[in-house]
Each structure stands twice: as C-alpha cells, then as structure tokens.
Number of protein chains: 2
Amino acid sequence: MTTPKRRLPVMADVAREAGVSHQTVSRVLNDHPNVRADTRARVEEAITRLGYRRNLVARALVTKRSRTLGVVSFDTTLYGPASTIYGIEQAARTAGYFVSIVSLKSIDSDNVRDALGYLTEQGVDGVVVVAPQRSAWRALENLPSGMPAVAVEGMHNACVPVVCIDQVEGARLATRHLLDQGHETVWHVTGPADWLETEGRITGWRAVLEEAGRPVPEPLAGDWSPRAGYEAGKSLAAMKGVTAIFTANDQMALGVLRALSEKGVRVPDDISVVGFDDIPESEFFSPPLTTVRQDFAAVGRQCIEVLLRQIDTGPATAERLVVPPGFVVRSSTAPAR
Amino acid sequence: MTTPKRRLPVMADVAREAGVSHQTVSRVLNDHPNVRADTRARVEEAITRLGYRRNLVARALVTKRSRTLGVVSFDTTLYGPASTIYGIEQAARTAGYFVSIVSLKSIDSDNVRDALGYLTEQGVDGVVVVAPQRSAWRALENLPSGMPAVAVEGMHNACVPVVCIDQVEGARLATRHLLDQGHETVWHVTGPADWLETEGRITGWRAVLEEAGRPVPEPLAGDWSPRAGYEAGKSLAAMKGVTAIFTANDQMALGVLRALSEKGVRVPDDISVVGFDDIPESEFFSPPLTTVRQDFAAVGRQCIEVLLRQIDTGPATAERLVVPPGFVVRSSTAPAR
DNA sequence: CCGCAAGATGTGCTCGGTCATATGCCCCTC
DNA sequence: GAGGGGCATATGACCGAGCACATCTTGCGG
C-alpha cells in the first residue's frame, strides 16, 4: 500500500532527510557560498531522492517578487501582436521570468484597467501593454503606482516607457518608393481608426506626398482584415487614375490584390501595391508583395530589457525606444508607365 | 510630503480602518453569507478608501490553488497554436483563471519536461500542452503525479485527456472532394515529420485513395511554411499528370499556388488545390482556397472545460474529445477536364 | 423570561518559503 | 593561550491571506 496522502515534499522534509536545518536547504537552493561541499551534496541528494521542487508561491510571498511578468494584449491571433508576444516570452524566460497573458477581445479603457488590476492582484513584477489604441492608452495613466510598465507602440507624451517601430518612417519608405517609381500620387488604405499605427502610417504617407507637392487622395478606411482590403480594392479598381496603393498592412494588401485581380487590373503593370508588416506569406502573394518589414521580435526583446531595468533599478525616465523599420522590395511595384 | 514608504495596504489595514477583524474582511471579500449588511458596507468602503487589493500570492499559499493554468506550446506565431491559445485564454479568464505561457522554440522531450517543471514550481493548477509532436508527447508520461493536464492533438494511447480536431476526417474530406470532382488521384504535400497532424492527414488522404482503388503518389515533404509549399509546387508543376493537390496547411497551399502560377499552370483549370486550416487569408488567395476548416477556438474552450473538470472533481479518465472539421469550398478546385 | 439554535464576529494557527540574527566551531595571531 | 574573525549551521519571526474553532449576539419558541 502506498502512502495515502501523498503531500508534496517541502523544505522541512528535505532538511530532515539530509539531517540539516531548513535554512541550510534554502542556502543550497539559492547557491549561497557558505555551505560545506559535503553538506551541499547531502542536501542535493535528499532533494533528488524526495523529488522536491521549491514552491515559488511561498517564495514570492516573502520576497515580494513573483518573477512573473504580465502582458495585456489585444487579439493575439493577429500576426503583429502574436510575434511581439512571442519575442516577449522568449526574452522573459531567458531572464528567468514567467509570462502571464491577458488578451482582450475588445479594447477600451475599462477593459485594460481591469486587466491591469487582475495582473496586479496576481502579483506580477511588471507589465507590458500591447494595446496600441488611443483608448487603451488612457488606462495607463492610473497604473498602480510603482508598478514597472512598458508599452508597445505608445504615444509621445508617455507616462510609461514605450518601445515602438517607427510607423511614420515606415510609411515614408513605402510612399517614397512609389513616388520614386514615377507615380504621380499614392492612394492609402488605412487601419482601423483609434489605432496609433493607423495614425502614424497616415502621417508618414501624407507627409511624403505633401513634401513632394503631390495631391493627397482621400484615404480608404480599413480594419486590418483581408476583407476590408478586398472592399477597398474594389473601390480603387473602379476609380480613374489610380496607379499606386499603399496598404496599411499585408493582410489588407492581399485583399486589395484579390480585388484588383478580379477586376482584371494587373499588378504591378497597371497598379503598384505596397504593404506593411512583412508577414511570412507576403513573399508568396501573387505577385510577391513589396512591403515594410517590422521586427516584432526585436520589439519584444526591447520591452523586456526596459522592463527588467525598471524592476532592478527603480522607475525609469519615460523613454521612447524606436526600432527602425525595414523595406523589402518584391514584385508588386513597378515604375509608372 | 507624502508618506515615504508607501507599502500596499493589507487586510489588517482594512480591518483596522473598518473597525473589524481581518477575518470579517476576508468574509466580505469571499462573499460569505454570514456578514451583516452594514458591516459589509463599512468594510467595502474601507477597501475602496484604502485602494486595497487582495494579494493572490498569499491566498494561493494557503488555499493551494493559484487560479493559474499553464500552457506549453510550440511556436505561438503559427496560426493554429496562436488561435488555440487565444481560445484557451478566453475560456480560462471567463472561468476566473490566469494563463501562464511557455512557448518553446524547439520541441524535444527535455524541453517540454523542463517547461512542465517550471510551471509546476510556479504552482499552476493545471496545464494544457499544445505540442502536437510525437517527441513532445513522451514528456507527458512522467508528469508530476496529480497535476491535472490536457493535451491538444495527442496520441491515442493517452495518459492524459486529449482534445483534438479529427485530422484524419479532415484529410478524408479534402481528398474525397477532389476525387468527387473526377480527379484520378491526389498528390499530397505533408507537414513536418514527427507532427501528429502530419501523420493524421497522411492517413486520411491515403485511406480515401486506397478505398477508391486509386494510385497513391509519393507524398512531398513540407514544414508548414509557404516556402516549403513553393518548392513542392515547383516539383509538382514539373511532373506529368498532376491534376489535384492536397496541401497539409493553407500557408503551404499559398506557396503551391505561387509556384504553379509562376510555371503558368492555371488553378483550378489545370490543377485543383485544397488546403487545411482556413486561415483568414485563404479566402483571398488567388484563387480563393478550398480548404478544411479547423475550429481552434472550440478546441481551446474544450481544453479548459476538461481541465477544470479535472481540477474540481479529481483525475479524469483519459478521454479523447474530437472536434469535427469543416470543409469550405471556394475557387481553387474544379472538376477534372 | 429562559434556553437554544443560528447568525455575526473574533482569535490564533497555518501555508512554505526567506531574512535577520544567534550560536558553535576552527584557526590564526600577538 | 586568550581573543578575535570568519565560516558553517541553527533558530525564530515574518510575509498576507484562509481555515477551524471559539465567542458573543440575536431572535424565536415554549
């Protein structure tokens, strides 16, 4: 008959087994130098014999450090957030931290506030907020004081440090590339209103057109989905004089390509298209998509770096770390005829 | 001057503020019935006045329930895992649980074992393993005993309950659809070796062909990436007599479409193509992709359901919950000429 | 008007670690 | 050979909640 109540072994059990005090066990576990080699060996042997695992919950209670970071994100099935979170998780784990995720279906200030509240109760050592919406942003203003935090893609007048990819520059690269190809002007399919990326990309696009003294067409409103791109593409195909389109992300660019193809418009011969993100699929669109590359993994890593610095050395200045975008030329753009 | 050491308020502070004992505060927090209404009100007021938040770490220590679930997953940037995890997270949070994620770069038994170890130390109440590889599977055999667990897409002789989408049936649907269109046989581009999905899809595909007495072509090895699909597509385009291709996922199907298009092969006129997953982009491929739909969100929900049942009512029988696949006919398939 | 049960509230211990401090020991130096 | 310093180890308090149980109220029936 096996022991009926198979309670997990605790430090005291190990101590008894090794014939030492629980404090010595603790020292072994935490690599304290002042433990005699043979004692250490005896303790370690007892640990493996009993299959002991330290209880991080108890440890967290007294150290007030859970070694867990919270992540609040919007729709983690989108490529951008998913990649960023992957980067965050990898970097966090390398640094010895766990990651606890809350992904919101819909973003509003209350949701974000609630999520941050849950995470606080749970005792996370810091939070990264991947919710690049204007509305989400307001919730950051009354973070539990003293809680280290970092935001992805935040606003300038930040109360917390921000890590972001230079959206404006990315949009400039895309637009300038199209103008350089000899296009008179560039149409733009935007992301959803309220998103900071949407605003940044519009800003960069508009700036380049204005600097070049070109007409600025009315942008078409999208929502990141291929369907929105498809609808926008149908409209654009029906319009006169459209020769270049800058789409705010790759998925919508796919929709645009589809719509143009259905209307018999050839890309890039009749119309050039540029996307934003460089998702793994873009290289294999028809035609392969010229696009702005975002290094999401780098963003994730930077977030953790900034966050850990805050945790270790106190509140940081509200810095702003900008990751430069890249540009990938493929076959969806060509000189204007 | 503000208080220099602004320690967070604890239950004792609230108790003092409200003129009751800490136990009464605890009762209010846990919605115990036996608290007089005015006492409750006084406590609640004290709570808001002090901005008190309960410390879940301390609570977890004594209740031995962290209300956190662990998730071990492989590459969370892939659409399938990402969607599944999203479903898991939503369902978990609805049930009042947090989700702690470990996403592995590479899968092997040791990695999974380590991840499960970390999660155990952290005191999760249960784990869901989204690592549908044969090698990962072995690590589940020596789970810390008594740890509730559930696996996504596991093997039959399971030691833990499994939630999965019927891969074999999905592949059958795809293959039968193509045979019904009058194609003599169907070529197959597989997922990476070692993945259970890969095996299931091969099994279903082969079974239908054999049942119909058709020749079974040598499958082409892929790895889920569009590039692999592209390479396979180039090979297939160069082969004689290929009229129907079943690709093990949509991303590879995209690569196949690209390769065929480059070689001047028309889809679906010359060759029909079917994918697997129904990612949001598939509808807008050129042509829109006929594919097998997987309801990842449902898988996530089921996982949590099974897991919570285990947590609440003890170890479950090693059940196996199968979510049926769907089939979406679009424009990438047509009758054989 | 008392007794008793149910309701309301308080007391003290516990969970499993870490921290501060005490204690015993050995060795070295003057 | 006494004193002191450093090392190895032990002891007890403590983190912030919940739980079991004790105690005090209250209401109601006889």
Side-chain angles (χ1 to χ4, degrees), chain A residues 5-44 46-47 50-68 118 120-125 144, chain B residues 5-44 46-47 50-68 96 98 118 120-125 144:
Chain A
K5 263 289 173 50
R6 198 160 187 66
R7 195 183 44 109
L8 289 174
V10 300
M11 235 165 69
D13 300 325
V14 177
R16 195 173 326 109
E17 180 84 8
V20 297
S21 76
H22 65 120
Q23 175 60 6
T24 301
V25 179
S26 174
R27 287 204 187 85
V28 171
L29 253 32
N30 294 307
D31 288 321
H32 258 66
N34 298 348
V35 178
R36 221 167 41 205
D38 63 325
T39 308
R40 181 182 301 271
R42 221 164 58 243
V43 170
E44 277 166 352
I47 287 177
L50 264 50
Y52 167 77
R53 308 223 58 157
R54 121 167 77 187
N55 181 331
L56 291 183
V57 173
R59 177 201 181 81
L61 178 59
V62 45
T63 59
K64 300 182 180 310
R65 294 290 215 82
S66 62
R67 296 201 78 81
T68 297
Y118 292 140
T120 309
E121 279 191 342
Q122 204 205 7
V124 295
D125 295 343
Chain B
K5 264 288 172 54
R6 197 160 186 65
R7 193 184 47 109
L8 288 174
V10 300
M11 235 165 68
D13 300 324
V14 176
R16 196 174 325 109
E17 180 84 7
V20 297
S21 75
H22 70 114
Q23 177 59 4
T24 301
V25 178
S26 173
R27 288 205 184 85
V28 171
L29 252 34
N30 294 308
D31 288 321
H32 258 67
N34 298 347
V35 179
R36 222 168 41 205
D38 63 325
T39 308
R40 182 183 300 272
R42 221 165 57 245
V43 170
E44 277 167 351
I47 288 176
L50 264 50
Y52 168 76
R53 307 224 60 156
R54 121 168 78 189
N55 182 331
L56 291 183
V57 173
R59 177 201 181 81
L61 178 59
V62 47
T63 59
K64 300 182 180 311
R65 294 289 216 82
S66 62
R67 298 201 75 82
T68 298
F98 293 94
Y118 292 140
T120 307
E121 279 190 344
Q122 203 204 8
V124 296
D125 295 343

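Throughout, protein chains are lettered first and strands after them, A, B, ... in sequence-line order, and every chain is numbered starting at 1. These numbers were taken from a predicted model, which means no experiment stands behind them.
Among C:dG16, D:dG18, C:dT18, the nucleotide with an atom closest to any side-chain atom of A:N30 is C:dT18. Minimum atom distance to the side chain of A:T63 is reached by C:dT18, of the listed C:dG10, C:dT18, D:dT9. The A:Q23 side chain lies nearest to D:dA10 when the options are D:dA17, C:dG10, D:dA10. Relative to the side chain of A:H22, the nucleotides D:dT9, D:dA13, C:dG10 differ in distance, and D:dA13 lies closest. Of the candidates C:dT18, D:dA10, D:dG16, D:dA10 carries the atom nearest the A:T24 side chain, counting heavy atoms from C-beta on. Comparing D:dG16, C:dT21, D:dA8 against the side chain of B:L61 picks out D:dG16 as the nearest.
Between A:V20 and B:S26, the residue whose closest nucleotide on DNA chain D is further toward the 5' end is A:V20. The residue among B:R36 and A:V10 whose nearest nucleotide of DNA chain C is located toward the 5' end is B:R36. Each of B:R53 and B:R27 was matched to the nucleotide of DNA chain D holding its nearest heavy atom; the match closer to the 5' end belongs to B:R53.
In this model, the phosphate group of D:dC7 is not approached by any side-chain N or O of A:N34 to a distance below 4.0 Å at OP1 or OP2. Between C:dT11 and B:S21, no contact under 4.0 Å exists linking OP1 or OP2 to a side-chain N or O. Neither OP1 nor OP2 of C:dT14 sits under 4.0 Å from any side-chain N or O of B:K64.
The NE2 atom of A:H32 sits 10 Å away from the P atom of C:dT18 (whole-angstrom rounding). The CZ atom of B:R59 sits 13 Å away from the C1' atom of D:dC19 (whole-angstrom rounding).
Across all strands, B:R54 comes closer than 4.0 Å only to sugar-phosphate atoms, never to a base (heavy-atom distances). Heavy atoms of B:M11 sit under 4.0 angstrom from primed sugar atoms or phosphate atoms, though from no base atom. At the heavy-atom level, B:V57 lies nowhere under 4.0 Å from the strands shown.
In this structure a side-chain-to-backbone donor-acceptor pair under 3.5 Å is missing from A:R27 to A:N34. Not a single donor-acceptor pair under 3.5 Å links the side chain of A:R53 to the backbone N or O of B:E121.
Side-chain contact between B:T24 and B:R42: absent, with no pair of heavy atoms (C-beta onward) separated by less than 4.5 Å. The closest side-chain heavy-atom distance from A:R36 to A:D38 is below 4.5 Å.
B:Q122 and A:T68 form a side-chain donor-acceptor contact under 3.5 Å, judged by distance and modelled atom types alone.
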